[in-house]
Q: 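If you scroll down you'll find the structure; I have some questions about it.
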Protein chains: 2
Amino acid sequence: MAGSAEKSLPVPSILRLPKYLRLLKEFRQKGDKIISCTRIAEEFGQLSVQVRKDLAITGVVGRPKVGYQVEELINGIEHFLGWDHKTYAYLVGVGNLGSAILNYAGFLEHGLKIIAAFDNNPKLIGKKIKNCTVYSISEISKLKLSHTKDVQMGIVTVPAPEAQRIANLLVNVGVRSIWNYAPVRLDLPPDIIYEEVKLSESYAVLSHRLNQRTS
Amino acid sequence: MAGSAEKSLPVPSILRLPKYLRLLKEFRQKGDKIISCTRIAEEFGQLSVQVRKDLAITGVVGRPKVGYQVEELINGIEHFLGWDHKTYAYLVGVGNLGSAILNYAGFLEHGLKIIAAFDNNPKLIGKKIKNCTVYSISEISKLKLSHTKDVQMGIVTVPAPEAQRIANLLVNVGVRSIWNYAPVRLDLPPDIIYEEVKLSESYAVLSHRLNQRTS
DNA sequence: TAGATTGTTAATCGATTAACAATC
DNA sequence: TAGATTGTTAATCGATTAACAATC
């Protein structure tokens, strides 16, 4: 039932879903079956309408006077985000940042399965990080042929000057999306889904606030 | 001349400044003295008005028909963001993520000077990462007394379950701001400036787009 | 001067918030 | 039933975009 209207859902709402999901899992842990927007909203200092609107984009419906079923909401958010099934990925750049991503269990919990990592440092090649082997970058196209699963995502954790070249390489082996941690904007074909992690940008907001009154 | 109105500047604009700054530095590198909004805008696929509005918040003014002076704009953005002077910080959690931040030269270039790192792993204590010594977390209050410079920022790169405790500790030794990389929202006094790096949130947007049509 | 570019005021757009009817 | 909560329509708010005057 692919929608014909192609109405893009509000990004701010999507960005708030993971935190709701975390909270809901805590509630499930405690054995709670039912939750209200009011309760979620007060946890985050938001208005309950906003939570309701956010949750509505997942398609899950609540019951007036009662609330939402915790389990249904968890499943709804996870399905909406595509976190209810595995997404296979390659990661290029096994420095500290790349290693952090490989080691972080949270992403696996969200379905992210990194099936191979790549780096040109000979000391790293052949190593295993969390069941993920590190290969030479030159092997990337060869390796791709041996994988039966679609590799849908390329994670770029190389230094900025190499990021564009690496991203091109990943696009060439057929990934549909690029998750970029390098502090450069990458130029990619329009059909490639692209998302950046903006560390300097986050620092900019913090740093600006810190210096706001000092003058 | 601290403004009395306290009008908060648009966060979206602040978030775009670092990318302008990167581009401007490239232009300076090439020897360009003058730059127009039109030129910056086309580089990022934006409208020139938006660039102009964004740059306006820094207080730098351009000259009609001419454009902006590259050097003046760089200085203006850096000053606005507080990147033209050092900000001293403590970092707690010297795992892969913490190490990545310690090793990344870009932050130092933006004035971030991490003067001490903390971790409870005995293998790390005493080590130096980029001129920054790793101490036991228990030493944090002792160490603070020996620093003459104000430590204005605490960077939290510990696992989620420890993040709140560590943040409290940092607030207790007197930091004015917390930069949190752990995937939890931290509860802090209202006068503490707080900013999160939201990795799961970034992944959520990407993952959602990737799965949008699949149903 | 003519044309390009800035700075600013007005219009549009999208997200947040308010108001309220529906309902269990 | 009465009250709490959802879902939805309308109002507000802020950011983006359009229009245009000022100017070098």
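Chain letters run A, B, ... following the sequence lines, proteins first and then strands; every chain starts at 1. Because the structure is a prediction, the values reported are computed rather than measured.
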Q: Measure from CZ on A:Arg39 to P on D:dT6 and round the result to the nearest Å.
A: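 The answer, rounded to whole Å, is 13 Å.
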Q: Grab the CD1-P distance between A:Ile57 and D:dT6 for me, whole Å please.
A: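 For the pair A:Ile57 CD1 and D:dT6 P, the rounded distance is 17 Å.
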Q: Going by atom types only, do B:Lys86 and B:Gln152 share a side-chain donor-acceptor pair under 3.5 Å?
A: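 The answer is no; no qualifying pair exists.
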Q: Could you check how far CD of B:Gln46 sits from P of D:dA18, rounded to whole Å?
A: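 Checked: the CD to P distance equals 14 Å.
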Q: Can you tell me how far P of C:dT16 sits from CG of A:Leu15, to the nearest Å?
A: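 Atom-to-atom, A:Leu15 to C:dT16, this comes out as 10 Å.
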Q: When you match A:Ala56 and A:Lys65 each to their closest nucleotide on DNA chain D, which lands nearer the 5' end?
A: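 Result: A:Lys65.
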Q: For A:Ile34 and C:dC24, what is the distance between atoms CD1 and C1' respectively, to the nearest whole Å?
A: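 My rounded result for the distance is 12 Å.
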Q: With DNA chain C as reference, determine whether B:Arg63 or A:Val66 sits nearer its 5' end, using the nearest nucleotide of each.
A: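 It is B:Arg63, whose closest nucleotide lies nearer the 5' terminus.
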Q: Within the pair B:Arg52 and C:dG7, is there a side-chain N or O less than 4.0 Å away from OP1 or OP2?
A: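 Result: no.
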Q: If only side-chain N and O atoms count, and only distance matters, is there a donor-acceptor pair under 3.5 Å linking B:Gln164 with B:Asn168?
A: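 Side-chain D/A pair, B:Asn168 to B:Gln164: present.
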Q: Counting heavy atoms not belonging to A:Asn131, are there more than 12 under 6.0 Å from its CG?
A: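 Counting neighbours around CG of A:Asn131, 12 or fewer heavy atoms of other residues, nucleotides or ligands fall under 6.0 Å, so no.
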Q: Please report, rounded to the nearest Å, how far the C1' atom of D:dT6 is from the CD atom of A:Gln69.
A: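 My rounded result for the distance is 15 Å.
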Q: Nearest-Å distance, CG (A:Leu55) to P (C:dT16)?
A: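 About 13 Å, once rounded to whole Å.
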Q: Less than 3.5 Å apart, any donor N or O on the side chain of A:His85 or B:Asn211 sitting next to an acceptor on the other?
A: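 The answer is yes; a qualifying pair exists.
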Q: Sort out the partner of D:dC13 for me: Watson-Crick or G-U wobble, both distances under 3.5 Å, none otherwise.
A: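 Paired with C:dG14.
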Q: Of all the nucleotides listed (D:dT6, C:dT6, C:dG7), which has the minimum atom distance to the side chain of B:Pro64?
A: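 The closest nucleotide is C:dT6.
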Q: So which nucleotide from D:dG7, D:dT17, C:dT16 ends up closest to the side chain of A:Tyr68?
A: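 Selected nucleotide (nearest to the side chain): D:dG7.
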Q: Should the side chain of B:Lys53 and the base of C:dT8 be counted as holding a donor-acceptor pair, with the cut-off at 3.5 Å?
A: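 By the distance-only test, no, there is no pair.
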Q: Taking OP1 and OP2 of D:dA15, is either one under 4.0 Å from a side-chain nitrogen or oxygen of B:Arg16?
A: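 Checking D:dA15 against B:Arg16, no side-chain N or O comes under 4.0 Å of OP1 or OP2.
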